[in-house]
Amino acid sequence: CRCRTRAAAVGTGRRPPPSVRALAASALPGKNEYDLLVIGGGSGGLACAKEAAQFGRKVAVLDYVEPSPQGTAWGLGGTCVNVGCIPKKLMHQAALLGSSLKDAQHYGWSISQPVHHTCVQNYVKSLNWGHRVQLQEKKVKYFNIKGSFSDPHTVRGLTKAGKETVITADNIVIATGGRPKYPVHVAGALEYGITSDDLFWLKESPGKTLIVGASYVSLECAGFLTGIGLDTTVMMRSIPLRGFDQQMASLVTEHMESYGTKFLKRCFPTKVEKLKSNRLQVTWKNADLGTEETDSFNTVMWAVGRAPDTKTLNLEAAGVKTNSETGKIIVDASEATSVPHIYAIGDITEGRPELTPTAIAAGKLLAQRLFSQSSELMDYDNVPTTVFTPLEYGCVGLSEEAAVQRHGSDNIEVYHAYYKPLEFTVAERDATQCYIKMVCLREREQRILGLHFIGPNAGEVIQGFALGIKCGATYPQMMKTVGIHPTCAEEVTKLHITKRSGLDATVTGC
């Protein structure tokens, strides 16, 4: 478009207007200040920037955190470091240790020392500083400003002092991620509710908490809040863990209920009001009973999904196309947007898994393709993940529902087992929901399509098996794998009961 405008102007003997001349000049290779500008200082963006810097390129990162409606903001590192994976896992660990203290009594330990809580936020702040140091060491320029496109090669932004900064780059990567949604149709939702953006930075205990939604964010937060002794309720309109295997999702919520988390199923909120006591009164409708119910809470947290953080980017000025329904940026297999030199990675992209490790891997590979003559594309198939609920759920590959939809129920075989972790025996812990399921093709090779594991350390278990499944492992190969005894993971190598057989899948013996 720029070239056509310029050629037309030359052909008529007239000089193009100043705005067009500036646009054309900014597009010429070597005329821009940076080889690469990354917008967004989260996991994916930082990985891309640091990788590009290793190839001797001039790189800049632009990052700005818009405070949440409750005023919460944080430092460099994105969602994962500040209000996601890292603080979540540490709080999950705190809750697990509480359970372990109870188990310890069964093993003969007497614990009577007072509990002193340390601050998770201090560790997060150390990571913020670490990211800044790494950028400095790799000579990546860091701009703490909110930027927006003024043309396809130019981003403008204001510093906190109000000074305008203009940055031009040959290549631009958008990696701004997402932010939690608020149900704005619910009266009082924005005024009185918080999200996961706020939870980890609260100055006081959230107390009695209602979490609305049944996403992994909701269930993980509800799990650790219950685990540290807080009265916690999850309100879910429909199904838990949408997009995950639903048999496994049901087992996760069943365990959470037995663990102490309350569930309001098939319910949705209609309003939130603040009482004179400062407690929040929530009114909701029960879809099954057709009734209206109320209760009061200290904290109401919304976990009803996330939206791409694109509002202030002025993507239209750059010509970057988005999905009109989701707001996410449309990219091809090489992470390129509708504008050839503008790319997007991570949660902001349409059809990609919203996971930190995929954003990091995609960012690194993109930098290698741009600056190191690589042609390797990110492979988004068979990406493992784990939901860090009190009893963890890890998976890789297809859910049973997805396998049936893709191959037909007659063409898949599901091997499964209910097992009891050895650690649960002396502690007399209930293992009803400890379950493993392997989804395979029925044809001769019986390639493994998906592996699902509920139990202790599910992430560690699935991470190991993910390599084999990525490499096309088959059921016979899995059966030839010698297990490590006594572990929960070894039960995967012993799966022999099929769902189709109808036999009892409970593991007996040591």
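Index from 1, following the sequence.
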Quiz item: What is the distance from atom CG of Leu251 to atom SG of Cys434, rounded to the nearest 0.5 Å?
Solution: 9.5 Å
Quiz item: Around atom NE2 of His106, are there more than 12 heavy atoms of other residues, nucleotides or ligands at under 6.0 Å?
Solution: yes
Quiz item: Are Asp288 and Lys265 ion-paired here, with the side-chain N under 4.0 Å from a carboxylate O?
Solution: no
Quiz item: Atom CZ of Phe424 and atom CG of Asp103: how far apart are they, to the nearest 0.5 Å?
Solution: 7.5 Å
Quiz item: Are Lys88 and Glu220 close enough for a salt bridge, meaning some N to O gap below 4.0 Å?
Solution: yes
Exercise. Rounded to the nearest 0.5 Å, what's the gap from OH on Tyr259 to OG1 on Thr389? Could you check?
Key: 10.0 Å
Practice problem: Hey, could you give me the CG/SG distance between Leu451 and Cys395, rounded to the nearest 0.5 Å? | Solution: 9.0 Å
Exercise. Please assess Asp63 against Asn144 for the test side-chain hydrogen bond (donor to acceptor under 3.5 Å, both in side chains), listing each intermediate value before the final yes or no.
Key: CA-CA 5 Å; Asp63 185 64; Asn144 182 212; 5.1 Å; no
Practice problem: Take atom CZ of Arg132 as the centre, draw a 6.0 Å sphere, and report whether it contains more than 12 heavy atoms from other residues, nucleotides or ligands. | Solution: no
Quiz item: Passes side-chain hydrogen bond (donor to acceptor under 3.5 Å, both in side chains), Tyr435 versus Gln247? Steps please.
Solution: CA-CA 10 Å; Tyr435 178 70; Gln247 181 191 8; 3.1 Å; yes
Quiz prompt | Interatomic distance, Cys440 atom SG to Ile412 atom CD1 [nearest 0.5 angstrom] | solution = 9.0 Å
Practice problem: Flag the pair Thr226 / Met256 as yes when at least one side-chain heavy-atom distance between them is below 4.5 Å, and no otherwise. | Solution: no
Quiz prompt | Considering all heavy atoms, the nearest Gly177-Asp347 contact | solution = CA-CB, 4.1 Å
Quiz item: With a 4.0 Å cut-off, would you call Glu66 and Lys311 a salt bridge?
Solution: no
Quiz item: Does the pair Val387 and Phe244 meet the rule for a side-chain contact (heavy atoms from CB on, under 4.5 Å), with working shown?
Solution: CA-CA 10 Å; Val387 181; Phe244 288 86; 3.9 Å; yes
Quiz item: So does Gln463 have more than 12 non-hydrogen atoms from other groups sitting under 6.0 Å from CD?
Solution: no
Quiz item: Looking only at heavy atoms, which two atoms of Leu90 and Val120 are closest? And how far apart?
Solution: CD1-CG1, 3.7 Å
Exercise. Mark yes or no for whether Thr322, through its side chain, and Ser324, through its backbone, hold a donor-acceptor pair below 3.5 Å.
Key: no
Quiz prompt | Salt-bridge criterion met for Lys328 and Glu354 (N-O under 4.0 Å) | solution = yes
Practice problem: Please name the pair of heavy atoms, one in Gln70 and one in Gly193, separated by the smallest distance, quoted to 0.1 Å. | Solution: NE2-O, 2.8 Å
Quiz prompt | Non-hydrogen side-chain atoms of Thr498 and Val414 separated by less than 4.5 Å | solution = no
Quiz item: Run the side-chain contact (heavy atoms from CB on, under 4.5 Å) check on Glu273 and Leu280 step by step: do they pass?
Solution: CA-CA 6 Å; Glu273 301 166 290; Leu280 301 175; over 6 Å; no
Quiz prompt | Residue from Lys499, His452, Gln246, His416 passing side chain to side chain donor-acceptor pair (under 3.5 Å) with Glu400 | solution = Lys499
Self-check item: Output field: ring centroids His92/Phe388 closer than 6.0 Å
Solution: yes
Exercise. Evaluate the criterion ring-ring contact (aromatic ring centres under 6.0 Å, His included) for residue pair Tyr415 and Tyr475; output intermediate values, then yes/no.
Key: CA-CA 9 Å; Tyr415 296 89; Tyr475 176 73; 3.8 Å; yes
Quiz item: When you look at CD of Glu257, are more than 12 heavy atoms from neighbouring residues, nucleotides or ligands closer to it than 6.0 Å?
Solution: yes
Quiz item: Any idea which heavy atoms bring Val234 and Ala222 closest together, and the distance?
Solution: CG2-CB, 3.4 Å
Quiz item: Any ion pair linking Lys470 and Asp379 (charged N to carboxylate O, less than 4.0 Å)?
Solution: yes
Quiz prompt | Over 12 non-hydrogen atoms of neighbours within 6.0 angstrom of CZ in Arg447 | solution = no
Quiz item: Near Lys285 NZ, under 6.0 Å, is it more than 12 heavy atoms from other residues, nucleotides or ligands?
Solution: no
Quiz item: For Phe297, is the NZ or CZ atom of Lys208 found under 6.0 angstrom from the centre of its six-membered ring and inside 45 degrees of the ring axis?
Solution: yes
Quiz item: What is the minimum heavy-atom distance between Ala489 and Phe465, and which atoms define it?
Solution: O-CZ, 3.7 Å
Quiz item: Hey, does the side chain of Arg352 reach the backbone of Gly346 with a donor-acceptor pair shorter than 3.5 angstrom?
Solution: no
Quiz item: Where do Thr326 and Glu350 land on the side-chain hydrogen bond (donor to acceptor under 3.5 Å, both in side chains) test, with the steps shown first?
Solution: CA-CA 8 Å; Thr326 64; Glu350 182 65 35; 2.6 Å; yes
Quiz item: For the side chain of Thr299 and the backbone of Pro206, is there at least one donor-acceptor N/O pair under 3.5 Å apart?
Solution: yes
Quiz item: At their closest point, which heavy atom of Pro456 faces which heavy atom of Tyr419, and how far apart are they?
Solution: CD-OH, 4.0 Å
Practice problem: Might you confirm whether atom NZ of Lys364 has over 12 heavy atoms from other residues, nucleotides or ligands at distances under 6.0 Å? | Solution: no
Quiz item: Hey, mind stepping through Arg429 and Thr425 against side-chain hydrogen bond (donor to acceptor under 3.5 Å, both in side chains) and telling me if it holds?
Solution: CA-CA 6 Å; Arg429 273 215 224 176; Thr425 54; over 6 Å; no
Exercise. Decide whether Asp198 and Ser68 meet the rule of one side-chain donor and one side-chain acceptor closer than 3.5 Å.
Key: yes
Practice problem: Any chance you could measure Asn323, atom CG, to Thr349, atom OG1, to the nearest 0.5 Å? | Solution: 11.5 Å
Quiz item: Where do Leu315 and Ile329 land on the side-chain contact (heavy atoms from CB on, under 4.5 Å) test, with the steps shown first?
Solution: CA-CA 9 Å; Leu315 295 175; Ile329 296 173; 4.1 Å; yes
Quiz item: If you draw a 6.0 Å radius around CD1 in Ile484, do more than 12 non-hydrogen atoms from other residues or ligands fall strictly inside?
Solution: no
Quiz item: Going by distance alone, is a donor N or O of one side chain under 3.5 Å from an acceptor N or O of the other, for Thr291 and Asn286?
Solution: no
Quiz item: Under a 4.5 Å cut-off applied to non-hydrogen side-chain atoms, are Glu401 and Val404 in contact?
Solution: no
Practice problem: For His131 and Tyr142, run side-chain contact (heavy atoms from CB on, under 4.5 Å): C-alpha distance rounded to whole Å, both residues' side-chain angles, the deciding distance at 0.1 Å, then the answer. | Solution: CA-CA 10 Å; His131 281 307; Tyr142 168 56; over 6 Å; no
